[in-house]
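Worksheet: one structure, shown below.
Remember, it's 1-based here, ligands and their atoms both numbered in the order they're listed. Given the structure is predicted, the values throughout are model-derived calculations rather than measurements.
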Amino acid sequence: MARFEFRSASAASVAADLLVLPVFEGPEPGPGVAEVDEVLGTELVSLLRSEGLRGRARDSLLVPTLGRAPAGAVLLTGLGPRDRVSPDTVRRATGRIAARAARYRRVATTVPQAVEGGLPEAIQAFVEGLLLGAYRFDRYKGSNDEEPHRLERVAILGARADAAAARRGIRRGEIYAEATSFARDLVNTPAIDATPEFLARTARAMAREVRLECKVWGKAELERGGFGGILGVGRGSGNPPRLIELRYRGGSGAPVALSGKGITFDSGGLSIKDAKGMEWMKADMAGAASVLGAMRAIARLEPRVNVIAAIPSSENMPGGTAIRPGDVLRHRGGKTSEVLNTDAEGRLILADALALLAERKPRAVIDVATLTGACMIALGEDLWGVMGTDDRVVDDLLAAGESAGEPGWRLPLWAPYRHQIESSVADVKNVGNRWGGAITAALFLKEFVGDLPWAHIDIAGTAFSERAGDYWPKGATGNPVRTLIGFVERQAERGRARR
Ligand code: BES
Ligand code: ZN
Ligand code: MN
């Protein structure tokens, strides 16, 4: 990974292979542009104008300095209207030029200075944009025909007085981006390799590396523990299920509890999906990957709060021993569910994990899952959905998502729909009618958390993308890893405020 550093040098004097400078819509020169104009003896924004560019969010222009400045080339980067520049503007603009910037060994920039106030957040967003925008998943490619990646050092320029805050922003950006890339790698890994045991092994190695406690439940232990949902969904696959528990000790008091859906492949089971797009169902463990990524970042950031995670993982396949429609499963804690559609499997494994977490008496429970096509229909690909029993938890998640550039939207946990999951043979059934599917899925999960403050995040739309975005290539987005980290950090702040 490239090394980031803060320097109080001026843009005109910094030695670098590439100098990335911001311009606002107009075009209007951003911080550092005037100094560089001076040494170049030209007006950079007029070059932009002569190319027909106005400094809007997608405009950029590469200008070689031909030996007239210590920097080899200048990359002008449009940020749009000056009064609307936010950390997320910086994250997205930086993400779009990241692949190009990564062709240079030493990069310097004034881009974070373009944000009014909140320098650490602006710097964090720049670091995230650059690292995440340059992310590639090429582990399965032989000859690397992609663009070369030479990036070694990145200097973020600013006033000496800001050095301490800037270094904090750099470190947070590195940790947030690295955790996001970690989750992306897991989600992008094909299901032939990313089995429940692979997730468990990866979690164990990660826990050892960042010093988290980790316990993996194998098949026999799951049987003894009464985890009928995780086992039932896994029955049709040759890859046995697992349950991964992680613990971070950072404070005193009841922990925040996290869970994430870890279906390593969702064929639908006997209620099989049609062929079109089924390849994306290798990403049905994105909730699990997000929680693993978030726990990794939490271990490195060391917030003053306790956090536990329980991540259920099964592969949903239609083998001869698979569960059938009409089967009844007994979950952890004793509640039963009637399986009317084996493709509504995520809630079946999460039920067990939520019941286990509830036993640990946490202060709040959050689960994350690629749970329903219905949520994707409702909110599209840019917004996750959240439903919960506690307004403060939901609001904190929405706020964390907003500042991470991973926004969500609240949907109702509408109690009158509860009758849709009433079963004639078991405590609940695993599907409602065709309408309001995101809500009935959440109501099913609610049955297993008791009366704890709880929120469920449906990431079916946001976890992966069929097209490249501002700072991700086609495939896994890493959403909502940074939301979860921010949420946990907020809980630590609340704990301090109470003391
Ligand atoms: N993993 C899918 C949901 C999904 C769909 C995620 C598209 C990402 C993109 C989930 O297990 C599922 O199959 N849900 C069903 C539930 C239905 C059978 C009640 C759905 O949404 O159709
Ligand atoms: Zn699924
Ligand atoms: Mn399914």
Original post:
Does any non-hydrogen side-chain atom of E223 lie less than 4.5 Å from one of L231?
Top reply: yes

**OP:** Would you tell me whether N433 and Y417 have side-chain atoms, one donor and one acceptor, within less than 3.5 Å of each other?
**Re:** no

Original post:
Does G373, backbone or side chain, put an N or O under 3.5 Å from an N or O of ligand 1?
Top reply: yes

Subject >> Short N-O contact, D470 and R91, less than 4.0 angstrom >> reply: no

Subject >> Under-4.0 Å salt bridge between R482 and E128 >> reply: yes

Original post:
Purely on distance, is any nitrogen or oxygen of R347 under 3.5 Å from one on ligand 1?
Top reply: no

Original post:
Does D343 put an N, O or S atom under 2.8 Å from the Mn ion (ligand 3)?
Top reply: yes

**OP:** Please assess V428 against E338 for the test side-chain contact (heavy atoms from CB on, under 4.5 Å), listing each intermediate value before the final yes or no.
**Re:** CA-CA 6 Å; V428 275; E338 183 188 10; over 6 Å; no

Original post:
Does atom 13 (O) of ligand 1 have a protein heavy-atom neighbour under 4.0 Å away?
Top reply: yes

Original post:
Of all the atoms in ligand 1, which lie at a distance below 4.0 Å from a heavy atom belonging to E345?
Top reply: 11 (O)

Original post:
Taking 4.0 angstrom as the limit, do R304 and E493 come out as a salt bridge?
Top reply: no

Subject >> Distance from atom 10 (C) of ligand 1 to nearest protein heavy atom, with residue and atom >> reply: L371 O, 3.3 Å

Subject >> Of the protein N/O/S atoms, how many lie under 2.8 Å from the Zn ion (ligand 2) >> reply: 4

Subject >> Polar contact flag, side-chain donor to acceptor under 3.5 angstrom, S60-R100 >> reply: yes

Subject >> Distance in Å, W409 CH2 paired with W384 CH2, rounded so as to fall on 0.5 Å steps >> reply: 11.0 Å

Original post:
Which residue and non-hydrogen atom of the protein lie closest to atom 2 (C) of ligand 1, and at what distance in Å?
Top reply: D266 OD2, 3.5 Å

Original post:
In terms of residue, atom name and distance, what is the protein heavy atom nearest to atom 15 (C) of ligand 1?
Top reply: D343 O, 4.0 Å

Original post:
Can you list the atoms of ligand 1 that are under 4.0 Å from a heavy atom of M281?
Top reply: 1 (N), 6 (C), 7 (C), 8 (C), 9 (C)

Original post:
So do the side chains of N306 and V256 get within less than 4.5 Å of each other, counting heavy atoms only?
Top reply: no

Subject >> Side chain, backbone, both or neither: the part of K261 lying under 4.0 Å from ligand 1 by heavy atom >> reply: side chain

**OP:** Look only at interatomic distance and state if N341 has a nitrogen or oxygen under 3.5 Å from any nitrogen or oxygen of ligand 1.
**Re:** no

Original post:
Between R184 and Y135, is NZ or CZ placed under 6.0 angstrom from the six-membered ring centre and within 45° of the ring axis?
Top reply: yes

Subject >> atom 19 (C) of ligand 1 - nearest protein heavy atom and its distance >> reply: V431 CG1, 3.4 Å

**OP:** Please indicate whether any nitrogen or oxygen in K273 is less than 3.5 Å from any nitrogen or oxygen in ligand 1.
**Re:** yes

Original post:
How wide is the angle at the Mn ion (ligand 3) between OD2 in D266 and OE1 in E345, to the nearest 10°?
Top reply: 100°

Original post:
So, for A358 and V449, which heavy atoms are closest and what is the spacing to 0.1 Å?
Top reply: CB-O, 4.2 Å

**OP:** Evaluate the side-chain proximity of L357 to I308: yes if any heavy-atom separation is below 4.5 Å, no if none is.
**Re:** yes

Original post:
Which residue owns the protein heavy atom closest to atom 1 (N) of ligand 1, what's the atom, and how far is it?
Top reply: D284 OD1, 2.9 Å

**OP:** Run the ring-centre check on F227 versus H331 and record whether the distance is less than 6.0 Å.
**Re:** no

